[in-house]
Amino acid sequence: MCGIVGYIGNREVFPILLKGLKRLEYRGYDSAGIAILNGDLHVYKKAGKVSDLEKHIADSDVTSTIGIGHTRWATHGAPNDENAHPHLSQSGNLTIIHNGIIENYASIKTELKGRGYTFHSDTDTEVLINLIEEIKKQEKCTLEDAVRIALNQVIGAYAIVVMDKNNPNQLIAARKGSPLVLGIGEKEFFIASDASPIVEYTKNVVYLDDQEYAVINRTGDFYIKTLGNVEKSPAIQKLEMSIEAIEKGGFEHFMLKEIYEQPKVIADSLRGRMSAVEGWIKLGGLDEYINRINNAHRIIITACGTSWHSGLIGEYLIEELARVNVEVEYASEFRYRNPIINSSDVVLAISQSGETADTLAAIELAKERQALIYGICNVIGSSIARVSHAGSYTHAGPEIGVASTKAFSTQVSILILIALQIAKHKGTIANSKLREILYELENIPKKVEKALALDEQVKEIAAIYKDAPNFLYLGRGLNFPVALEGALKLKEISYIHAEGYPAAEMKHGPIALIDEAMPVVFLATNQSAYEKIISNIQEVKARKGKVIAIVNEGDTEIKEIADHVIEVPATEEILSPLVTIVPLQLLSYHIAVMRGANVDQPRNLAKSVTVE
Ligand code: F6R
């Protein structure tokens, strides 16, 4: 939610900021802006995409070696030029970029208005920079002190960078609840919401912790302090990200690239964590707590959106294989409903970004009540990864398309390993069955590759149904969450209304929607409920619905009744979501492209939802 980038050093700042904003644009894209300092503070900002900002700036002199940039996902105030960041203070001496929400901004604004401040935007951010300015004036203190005092007065979440017209040799950055990475070069520093704007310049980074700020100087020295004014020794880490991972690599969109990366990233998520030949599974994080997890009264899976869908698959897997009671909770509901939870519970928190505000809050609540927290995150060093007691990274690599694809598959892979590891430890799975599944799991990347080879066929089907106003997705068992995920993918990138339902539930209401204009996507690969799914397909056909069925290779029965069949490689039923999701991702992708939608940056969405 909003991307921020800053630089101080010897290079020209503008190309660094612009490239950084383009890389961060997945976080928010309703307006963008930069501020540079060369004698005076020059702020350029524009509603729209980073490319609109680029055009807006085209003829300006942006020569400078210090500056900040922002790409916004609106919270306070409409996405227009005035509300775009950076914001200037009243005197014009200070400027700020901000990711997050200052909850008590209204009362501070009233007080500042009483002191003669006027505001040019509707944002909480403009309030914060004026609060800093007022403190600096009242206390006659340094900018650093003013920032620290101000941040101790505000309630909410933020990652900020502040630049002072009168000090071209320093930037101050702080975080609470929103991510911030400091890149350390040779007498130069980079600051960003994630490492993507930094990786091509330096591999040395420090992830700021909550309630910490960094003061960085052109001379090459920097320090990090807590908001309590205590200096901390910085933990410098090496970035593992590569530039190729954050570029499109010849694909038209990041989403397509990420769909195609799935065979590789599934293999990455399994590597070193299992061996079929030797019959072992070992998730480092799980191993350490295996006894506590084995004795857990229940496992609660909490997440949002696509991660919640993978959580539903986790519920089926863990209950089926390990015979432990599992509940799946929307983090946004769980955190507010005073759940019954205690030290005998284990919470699995799933999050691609590791920054989702509701998931983080759900974790805090469960932690307060002594539950064990196991994080399943993609982004290394993210907040959820850090607050969890233990966890596993999914190793999907940077996911830049706003619609989650490869993150989902790797989350499911990890959940399969978790279910199997608990099952093995509890003795709820026979060794022979375990081996069979592990062998098949090793084969899964190849089967996902085969599913990707169906792309052309899926594209043809997309062309037929691209103008449908509604879609239904139906599946049973493990394919029900896949149906939900397929419907979400279509909704979010093509803006077609789509619903996912358990196939048998259709009779209890949604069947009323079916007529000759309704495409119904059936996930029909389940061996265990095959006859039942056929009955459900018949029910739709009897009402003239159009059936697109995802079936196992060689299926002949469904071919007879469905309008279209997409044949995916058969696999162990518990692994099937990894294969059946692929045509659904491709279907939504092609429909969105054909409708002219912005696939990688769908309207109103942002990649990581760091606000409630
Ligand atoms: C959908 C999508 C969102 C995220 C959700 C949770 O394609 O991307 O629904 O899954 O916002 O995000 P994370 O996994 O980062 O917590």
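Please read all numbers here as calculations on a predicted model, not as lab measurements. Every heavy atom of this structure was used, including side-chain atoms; hydrogens, water molecules and symmetry mates were not. Every number for a ligand or one of its atoms is a count from 1 in the order of the listing.
Nearest to atom 12 (O) of ligand 1 among the protein's heavy atoms is Thr356 OG1, 3.4 Å. When only non-hydrogen protein atoms are considered, atom 4 (C) of ligand 1 lies nearest to Thr306 N, 4.0 Å. For atom 6 (C) of ligand 1, the nearest non-hydrogen atom of the protein is Cys304 O, 3.3 Å. In this structure, atom 11 (O) of ligand 1 lies nearest to the protein heavy atom Val609 CG2, 4.0 Å.
The pair Lys49-Asp52 does not meet the salt-bridge criterion, since no charged nitrogen lies less than 4.0 angstrom from a carboxylate oxygen. Ionic pairing of Lys459 and Asp455 is not present here: no N-O contact between side-chain nitrogen and carboxylate oxygen is shorter than 4.0 angstrom. A salt bridge links Arg386 to Asp209: one of the charged nitrogens lies within less than 4.0 Å of a carboxylate oxygen. Here Arg23 pairs with Glu247 in a salt bridge; the nearest charged N to carboxylate O distance falls below 4.0 Å.
Ligand 1 has no nitrogen or oxygen under 3.5 angstrom from a nitrogen or oxygen of Thr359. Remark: ligand 1 and Glu492 share an N or O pair separated by less than 3.5 Å (distance only, no angle test).
With ligand atoms numbered from 1 in the order given, ligand 1 contributes 13 (P), 15 (O), 16 (O) to contacts under 4.0 Å with heavy atoms of Ser353. Annotation for ligand 1: atoms under 4.0 Å from non-hydrogen atoms of Ser351 are 13 (P), 14 (O), 15 (O), 16 (O). Of all atoms in ligand 1, listed by their number and element, those nearer than 4.0 Å to a heavy atom of Ala403 are 7 (O). For ligand 1, the atoms sitting less than 4.0 Å from at least one non-hydrogen atom of Ser307 are 10 (O), 13 (P), 14 (O), numbered in the order shown with element in parentheses. Counting atoms of ligand 1 from 1 in the listed order, those under 4.0 Å from a heavy atom of Lys489 are 1 (C), 7 (O).
The closest approach between Val402 and ligand 1 falls below 4.0 Å for a heavy atom of the residue. Contact analysis leaves His309 out of contact with ligand 1, as no non-hydrogen atom separation drops below 4.0 angstrom.
No side-chain heavy atom of Leu513 sits less than 4.5 Å from a side-chain heavy atom of Asn470.
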With ring pair (Phe, Tyr, Trp, His ring centres under 6.0 Å) as the test, would you mind laying out the steps for Tyr289 and Tyr374 before giving the verdict?
-> CA-CA 9 Å; Tyr289 287 94; Tyr374 195 91; 8.0 Å; no

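With Tyr495 as the aromatic partner, Arg595 does not meet the cation-pi criteria of under 6.0 angstrom to the ring centre and within 45 degrees of the ring axis.
With no hydrogens or angles considered, a side-chain donor-acceptor pair links Ser409 and Gln262 at under 3.5 Å.
When all heavy atoms of Met255 and Val599 are compared, the pair lying nearest together is SD-CG1, 3.6 Å.
Of all the heavy atoms of Glu355, none lies under 4.0 Å from any atom of ligand 1, so neither backbone nor side chain is involved.
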